[in-house]
Amino acid sequence: MQNTSVHGGGALSGPGGRSVWKRARRRVTFACAGWAVGLFVVPVAVQAAVEPAAGAGPAWGVAGAVLVCALVGVCAAAFRDVQQRRMRPVLTAYEWQEVPADTSKRHKAAVKHAAAHFTLPDPDHPERRVGVIARRAPTMWLSWKRTLEGARRDGFWFAGDPRFGGVIAPRHRPHLLLMVRPKRDDAFLTSAERPDDVSEQAWQRAVRAKVSRPVEATWTM
């Protein structure tokens with residue numbers, strides 16, 4: 001996936017960015033469809049297969065357990081679908097920026113107990129660093145920690161403004177897009193007006209990306 005910060009047009013403008021987005025969307029679509037099928041088909045199939053041998057009680061118990069698992073899966077996949085739909089304005093307004101891996105001992109010690117925390121440069125003041133927190137993806141139960149560790153180890157691409165919110169694409173698995181939000185929670189994040197230390201251009205991009213007010217539901221889910 002190329003660094004589109006040079007080419008412009010948003011993170012979805014290049015072939016690499018479009019490919020990553022399509023793969024991420026397919027993954028969620030298949031998850032939604034698969035769990036939905038399980039929600040309606042699997043309990044019936046289990047009941048039909050177990051009932052003749054074990055009786056109606058055990059059959060319905062197994063079917064009920066499978067039904068609960070499928071329901072949780074459907075809810076998680078639907079939640080992830082909502083997350084991705086809210087990523088699209090960000091990926092349209094901002095270009096990908098490559099963030100190299102930070103292998104310093106100091107950095108490793110700082111994030112040992114906070115794997116979801118990253119620091120990114122302030123677009124208006126490059127000498128400053130802004131802390132962000134990756135939002136948990138509900139369909140990544142087992143791979144969540146490994147994805148974050150891989151992003152930290154191998155580097156990642158970032159689209160957005162760390163002062164408001166953005167999207168991370170881990171280098172080793174770029175289709176596993178992660179939402180991030182600023183760590184700090186103060187008046188800067190709740191104001192409807194442009195903060196004093198944010199340029200007009202940066203503010204307008206944040207407005208177009210719908211992340212100018214991260215405390216809204218868009219980025220607090």
Side-chain angles (χ1 to χ4, degrees), residues 1-21 24 82-102 104 106-107 110-111 114-137 148 151-152 154-171 174 176-221:
M1 186 164 59
Q2 68 181 2
N3 185 340
T4 55
S5 62
V6 176
H7 304 281
L12 300 181
S13 62
R18 287 195 298 268
S19 176
V20 165
W21 177 250
V82 172
Q83 275 192 338
Q84 287 190 349
R85 290 178 185 276
R86 289 172 173 170
M87 292 178 188
R88 189 177 183 90
V90 178
L91 298 177
T92 301
Y94 292 96
E95 298 81 21
W96 287 121
Q97 302 176 50
E98 189 172 2
V99 180
D102 188 341
S104 65
R106 180 179 180 182
H107 181 72
V111 302
H117 293 203
F118 297 87
T119 59
L120 297 163
D122 184 324
D124 289 325
H125 309 280
E127 70 282 1
R128 299 181 188 173
R129 305 289 292 184
V130 180
V132 297
I133 303 174
R135 307 299 294 175
R136 181 174 291 276
L148 293 174
R152 198 176 304 285
D154 303 327
F156 55 89
W157 284 277
F158 174 73
D161 187 325
R163 297 168 296 181
F164 301 105
V167 178
I168 281 178
R171 177 181 290 278
L176 297 180
L177 302 174
L178 303 173
M179 298 170 64
V180 297
R181 65 173 178 81
K183 288 174 60 176
R184 55 181 177 162
D185 184 15
D186 53 28
F188 174 83
L189 299 179
T190 59
S191 174
E193 303 296 330
R194 177 174 64 86
D196 294 336
D197 61 345
V198 176
S199 67
E200 181 64 28
Q201 181 182 8
W203 176 251
Q204 291 303 322
R205 293 186 79 184
V207 171
R208 291 199 305 272
K210 300 181 180 179
V211 294
S212 58
R213 300 183 66 187
V215 294
E216 296 177 341
T218 300
W219 295 96
T220 57
M221 293 177 62

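The first residue of the sequence shown is numbered 1, and numbering continues consecutively from there. Below, each value reflects all heavy atoms present in this structure, side chains not excepted, and no hydrogens, waters or symmetry copies.
- Here L91 contributes atom CG and Q84 contributes atom CD; the two are 9.5 Å apart, rounded to the nearest 0.5 Å.
- Not counting sequence neighbours, D154 has no partner by the side-chain hydrogen bond (donor to acceptor under 3.5 Å, both in side chains) test.
- Using a 4.5 Å heavy-atom threshold, the side chains of L177 and V20 count as touching.
- Comment: D197 does not engage R163 in a salt bridge, judged by the lack of any side-chain N to carboxylate O separation of less than 4.0 angstrom.
- E127 is linked by a side-chain hydrogen bond (donor to acceptor under 3.5 Å, both in side chains) to nothing, counting only residues two or more places apart in sequence or in another chain.
- To the nearest 0.5 Å, atom CZ of residue R86 and atom CE of residue M179 are 7.0 Å apart.
- Pairing each heavy atom of Y94 with each of A209, the nearest pair is CE1-CB, 3.5 Å.
- A search for side-chain hydrogen bond (donor to acceptor under 3.5 Å, both in side chains) contacts involving R208 returns nothing, not counting sequence neighbours.
- Applying the salt bridge (charged side-chain N to carboxylate O under 4.0 Å, His left out) rule to R129 yields no partners; only residues at least two apart in sequence or on another chain are considered.
- In terms of heavy-atom proximity, F164 sits nearest to A206 at CD1-CB, 3.8 Å.
- Few gaps surround CD on E200; more than 12 heavy atoms of other groups in view lie less than 6.0 Å from it.
- Considering only residues two or more places apart in sequence or on other chains, R171 meets the salt bridge (charged side-chain N to carboxylate O under 4.0 Å, His left out) condition with E98.
- Across all their heavy atoms, A159 and V90 have their closest contact at O-CG1, 3.5 Å.
- The side-chain hydrogen bond (donor to acceptor under 3.5 Å, both in side chains) check on R205 picks up E95, with sequence neighbours excluded.
- One distance of note links CE of M87 with CG of L178; it measures 6.5 Å at 0.5 Å rounding.
- In terms of heavy-atom proximity, V180 sits nearest to A134 at CG1-CA, 3.7 Å.
- For the pair R194 and S199, the tightest heavy-atom approach, listed with the atom from each and the gap, is CD-O, 3.7 Å.
- The six-membered or imidazole ring of F156 lies near that of F118, with a centre-to-centre distance under 6.0 Å.
- With hydrogens and angles ignored, the 3.5 Å screen pairs a side-chain donor or acceptor of R18 with a backbone N or O of S13.
- Between P123 and P162, some side-chain heavy-atom pair lies under the 4.5 Å cut-off.
- When every heavy atom of V167 is checked against every heavy atom of W96, the shortest pair comes out as O-CZ3, 3.8 Å.
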- [ ] Kindly indicate, with the supporting measurements, whether the criterion side chain to side chain contact (heavy atoms under 4.5 Å, CB included) is fulfilled by D161 and V130.
- [x] CA-CA 9 Å; D161 187 325; V130 180; over 6 Å; no

